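Working notes for the structure below.
In this text the structure is predicted, and so the values were computed from the model without any measurement.
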Amino acid sequence: MNALVAQGPKASVSRGLRRTAAAAAATASRGSFSTTAQTLSEAEKSEDQTTHFGFKTVPKQMKESLVRNVFSNVASKYDLMNDAMSGGVHRLWKDHFIRKMAPAPGAKLLDVAGGTGDIAQRFLQYQDAVNGDAASSVHLVDINPEMLQEGERRFAGSRWENESRVSFTVGNAENLDFVADDSFDVYTISFGIRNCTNPDRVVSEAFRVLKPGGRFMCLEFSRVSNPVLAALYDAHSFHVIPALGELLANDRQSYEYLVESIRRFPPQDAFAQIIRDAGFTTIGEGYENLTFGTVAIHSGYKF
């Protein structure tokens with residue numbers, strides 16, 4: 001009997017120790033889960049706050065100034081370098097881009113990342129030659145003042161400037177707060193959206209500023225699907241283009257970034273989906289490949 005009574009407290013202490021150990025293990029497990037969740041949350045938060053600048057990862061708030069510096073460096077040689085890098089083919093791409101647009105008489109174009117003004121000039125030339133139109137107009141927007149100055153030089157003294165059919169604004173494609181809702185017939189962005197921090201915001205702003213029935217058009221470097229041609233394209237991009245940048249513009253680094261930025265931009269189908277997600281209606285796949293997919297024309301309508 002005494003032996004049985006003596007075991008009572010020991011058994012109680014043993015059970016208590018087991019409960020304490022189990023509680024400690026549970027607490028440790030919860031703490032480990034909490035730490036893991038916090039680490040994942042911090043990683044996700046960090047990812048949300050960073051973006052790519054070419055092949056580098058940078059804080060989002062830095063990209064805008066980094067891109068601005070690139071285009072400040074290349075502005076005066078931009079058109080020359082486009083000719084050298086593409087063998088002049090970029091002119092054919094842009095001509096086709098305007099023909100595909102086929103703007104109506106009196107159309108108002110918002111040309112974002114309009115830079116040196118070659119798309120705007122083609123638009124006005126088309127309107128004059130094809131539509132006999134003296135009422136259409138274009139508003140160029142670019143985040144880089146030096147690029148926009150090149151556009152102003154292009155139009156200086158032209159009949160379009162004299163007729164107030166062309167205007168210029170330094171502005172961010174992601175926040176066109178100086179443009180009213182439903183105010184333009186056509187929105188273009190050519191070889192510019194891949195340099196933006198948040199391309200989806202750019203497309204959403206395009207949707208906002210276009211009139212119902214208006215058209216979004218984007219000309220941008222894209223993905224070559226044929227592996228043999230892709231290898232040749234990569235060799236040209238990563239070796240020839242930076243060398244030309246160094247030779248003609250004394251700036252290898254900026255052109256290395258421009259090549260890298262092409263590889264970081266979404267492929268054709270993915271970007272077409274971004275356009276649809278913003279509210280646009282696309283026809284068929286929503287894009288047309290040019291020169292084996294070296295560039296693509298994306299198009300969407302605001303219905």
Side-chain angles (χ1 to χ4, degrees), residues 46-87 89-90 93-94 112-119 141-151 170-174 189-203 218-224 230-268 270-271 274 291 293-296 298:
S46 175
E47 186 175 343
D48 287 342
Q49 293 174 346
T50 60
T51 188
H52 59 82
F53 176 72
F55 290 157
K56 299 174 184 175
T57 298
V58 299
K60 280 189 174 182
Q61 65 269 24
M62 284 182 60
K63 181 169 180 177
E64 187 176 308
S65 62
L66 291 170
V67 170
R68 186 184 295 116
N69 288 340
V70 166
F71 283 93
S72 293
N73 292 339
V74 304
S76 63
K77 300 284 188 179
Y78 187 74
D79 289 333
L80 171 64
M81 281 300 300
N82 281 342
D83 280 331
M85 290 187 301
S86 71
V89 177
H90 77 101
W93 294 334
K94 291 167 182 174
V112 178
T116 60
D118 51 352
I119 292 295
V141 176
D142 201 290
I143 199 168
N144 186 279
E146 287 84 0
M147 289 290 287
L148 209 59
Q149 286 170 7
E150 294 299 316
V170 175
N172 189 333
E174 296 183 23
I189 183 165
S190 301
F191 303 119
I193 198 167
R194 75 180 189 280
N195 299 305
C196 297
T197 306
N198 301 288
D200 55 334
R201 293 184 191 174
V202 175
V203 180
C218 174
L219 178 64
E220 187 54 87
F221 287 107
S222 202
R223 304 289 176 89
V224 176
L232 293 173
Y233 179 43
D234 282 346
H236 175 77
S237 297
F238 289 106
H239 299 290
V240 177
I241 289 177
L244 285 172
E246 187 170 18
L247 176 66
L248 299 177
N250 194 29
D251 187 356
R252 185 183 188 91
Q253 190 171 9
S254 291
Y255 286 91
E256 286 175 342
Y257 157 74
L258 292 173
V259 169
E260 292 170 1
S261 68
I262 295 169
R263 301 309 187 273
R264 297 302 301 267
F265 190 68
Q268 290 92 318
F271 185 56
I274 289 173
T291 317
T294 303
V295 302
H298 288 265

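- L66 contributes atom CG, which lies 10.5 Å from atom OG of S254 (distance to the nearest 0.5 angstrom).
- K63 contributes atom NZ, which lies 7.5 Å from atom OG of S261 (distance to the nearest 0.5 angstrom).
- With a 6.0 Å radius and a threshold of 12 heavy atoms from other residues, nucleotides or ligands, Q253 has its CD atom at or below the threshold.
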Could you please spell out the steps behind the side-chain contact (heavy atoms from CB on, under 4.5 Å) verdict for L248 and K77? CA-CA 8 Å; L248 299 177; K77 300 284 188 179; 5.9 Å; no
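- T116 has its side chain within reach of M147: a pair of non-hydrogen atoms, C-beta onward, lies under 4.5 Å apart.
- At a cut-off of 3.5 Å, with distance as the only test, a side-chain donor of N195 or Y257 sits close to an acceptor on the other residue.
- Between the side chain of E174 and the backbone N or O of C196, no donor-acceptor pair lies under 3.5 Å.
- In this structure, CD1 on I193 lies 11.5 Å from CG on L219, to the nearest 0.5 angstrom.
- Between E220 and G192, the shortest heavy-atom distance links the atoms OE1-N, 3.3 Å.
- Between K94 and F191, the closest side-chain pair of non-hydrogen atoms falls below 4.5 Å.
- A salt bridge links E256 to R252: one of the charged nitrogens lies within less than 4.0 Å of a carboxylate oxygen.
- Between the side chain of E150 and the main chain of G115, no donor-acceptor pair closer than 3.5 Å is present.
- In this structure, W93 and F221 have perpendicular ring planes: the angle between them is above 60°, well past the 30° mark.
- Screening V74, D251, L244, L258 for a side-chain contact (heavy atoms from CB on, under 4.5 Å) with M81, the sole residue that qualifies is L244.
- Nearest heavy-atom pair across A249 and Y255 is CB-CE1, 4.1 Å.
- In this structure, the side chain of R223 engages the main chain of F265 through a donor-acceptor pair within 3.5 Å.
- The distance from atom OH of Y233 to atom CD1 of I262, rounded to the nearest 0.5 Å, is 4.0 Å.
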Give the C-alpha distance, both sets of side-chain angles, the deciding distance and a yes or no for side-chain contact (heavy atoms from CB on, under 4.5 Å) between K60 and N198. CA-CA 9 Å; K60 280 189 174 182; N198 301 288; 3.4 Å; yes
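- Of the possible donor and acceptor atoms, one in the side chain of H236 sits under 3.5 Å from a partner among the backbone N and O of M85.
- Side-chain contact between T291 and V89 is present, with heavy atoms from C-beta onward closer than 4.5 Å.
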